[in-house]
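Nothing fancy with the numbering, it's 1 onward along the sequence.
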Amino acid sequence: MAITIKSLKIMFWAALISTVLVFFLFVPIPSVKILAGDRVWFKVPVALGGKFETLYEHSVQKTPVIDEYVISCGRIWQWQERVKSHNAGLPFEVPRNGKFLATNGWFYFRGGRWNWNRFFLRVGNDILGKNIIVFGDGFIDGTPERTTYKLFTILRGRKLVVQWASTTIVSCLFSNESLRIVPNMVE
């Protein structure tokens, strides 16, 4: 039986489609997830360079503190911290390998090369902390705008784990975790 041009074309397209399918099933998908206890509260895919911020009110100074994080190279990097004051445990030194800026009433501590696979975030309440998390640029959540969650009303008093994660579509199919785009409200 001779192989015809038509059968070669069919084999080529079948091989190409199979390869693409296998690639998309097993390619790593970078994401950020937030765990409250042992439950995943939030998990979202993120592009390289995706950013998010944690905002809270300092317990002594009663001034806002904003920490900005960037996802890169499988790590969560603290890009900068913005504060309105230098007192009572707030930053006052320029980070090593970083710089200090003062503009429009804010003090910026940028750089420093702080990075983690995960970090802990203690959530206060509407009196102490007023913790908020904002997901924005680079997050593949189907909306171009920034998404804000008032953690102090949703997860009051919890110790959260903010973690970089990598998963595949196949592992999502065979585990109890999914790529959640909307929060799983934990009571």
Side-chain angles (χ1 to χ4, degrees), residues 1-55 66-81 97-98 110-121 123 131-151 153-155 158-187:
M1 181 170 137
I3 298 178
T4 65
I5 297 292
K6 184 176 180 178
S7 64
L8 282 175
K9 285 181 182 180
I10 291 171
M11 287 189 296
F12 169 78
W13 285 110
L16 181 64
I17 291 169
S18 298
T19 302
V20 168
L21 182 63
V22 167
F23 174 79
F24 282 113
L25 287 174
F26 292 100
V27 69
I29 302 168
S31 60
V32 168
K33 67 180 178 180
I34 299 175
L35 295 100
D38 59 349
R39 294 186 58 193
V40 175
W41 174 72
F42 186 86
K43 185 173 182 181
V44 64
V46 60
L48 182 65
K51 297 178 184 177
F52 68 96
E53 296 175 341
T54 57
L55 297 80
I66 303 172
D67 293 320
E68 185 177 319
Y69 302 93
V70 176
I71 306 303
S72 182
C73 302
R75 310 279 291 171
I76 300 171
W77 294 77
Q78 184 176 18
W79 173 246
Q80 70 180 3
E81 183 168 57
N97 300 315
R110 188 170 288 163
R113 298 188 179 163
W114 293 99
N115 66 87
W116 313 271
N117 286 327
R118 66 181 181 162
F119 66 89
F120 298 99
L121 180 63
V123 178
N131 304 76
I132 296 172
I133 194 163
V134 180
F135 291 95
D137 306 328
F139 278 76
I140 309 165
D141 63 355
T143 58
E145 63 271 354
R146 296 161 52 95
T147 307
T148 301
Y149 298 101
K150 292 182 178 179
L151 299 175
T153 61
I154 302 168
L155 297 164
R158 299 280 185 110
K159 177 182 171 186
L160 305 180
V161 178
V162 180
Q163 179 176 323
W164 178 89
S166 181
T167 189
T168 64
I169 292 174
V170 169
S171 66
C172 288
L173 293 174
F174 295 105
S175 74
N176 60 352
E177 267 188 32
S178 63
L179 285 174
R180 289 188 182 97
I181 302 300
V182 294
N184 175 20
M185 299 302 175
V186 177
E187 295 299 324

Indicate yes or no: at least one non-hydrogen side-chain atom of V162 is less than 4.5 angstrom from one of Y69.
no
Handout entry: Full working for side-chain contact (heavy atoms from CB on, under 4.5 Å) between F52 and I71
Key = CA-CA 9 Å; F52 68 96; I71 306 303; 3.9 Å; yes
Note: Q78 and D67 closest approach over all heavy atoms is NE2-OD1, 3.2 Å
CD of Q163 to CD1 of I34, rounded to nearest 0.5 Å, is 11.0 Å
### Task
Please check if atom CG in L8 has more than 12 non-hydrogen atoms from other residues, nucleotides or ligands closer than 6.0 Å.
yes
Tightest non-hydrogen contact, residues L155 and A36, listed as CD2-CB, 4.2 Å
Distance col, row L35:CG vs L121:CG, nearest 0.5 angstrom, shows 12.0 Å
Residue set satisfying side chain to side chain donor-acceptor pair (under 3.5 Å) with S166, at least two apart, ordered chain then number -> none
Heavy atoms of K159 and F120 approach each other most closely as CE-CD2, 3.4 Å
d(W41 CH2, I133 CD1) to nearest 0.5 Å is 7.0 Å
Applying side chain to side chain donor-acceptor pair (under 3.5 Å) to Q80 and not counting sequence neighbours gives E68, R110
When rounded to the nearest 0.5 Å, the distance separating CH2 of W164 from NZ of K33 is 10.5 Å
Applying side chain to side chain donor-acceptor pair (under 3.5 Å) to R75 and not counting sequence neighbours gives N115, N117
Sequence neighbours excluded, the answer for side-chain contact (heavy atoms from CB on, under 4.5 Å) partners of V70 is K51, W79
Sequence neighbours excluded, the answer for side chain to side chain donor-acceptor pair (under 3.5 Å) partners of E53 is R82, R146
Tightest non-hydrogen contact, residues V134 and T148, listed as CG2-OG1, 3.7 Å
Here the gap from I66 atom CD1 to T54 atom OG1, rounded to the nearest 0.5 Å, amounts to 9.0 Å
For residues 9-23, dump all side-chain donor-acceptor pairs below 3.5 Å to protein atoms at least two apart in sequence or in another chain.
{"unit_1": "S18", "atom_1": "OG", "unit_2": "A14", "atom_2": "O", "d": "2.8"}
{"unit_1": "T19", "atom_1": "OG1", "unit_2": "A15", "atom_2": "O", "d": "2.8"}

Taken to the nearest 0.5 Å, the spacing of F119 CZ from L160 CG works out to 9.5 Å
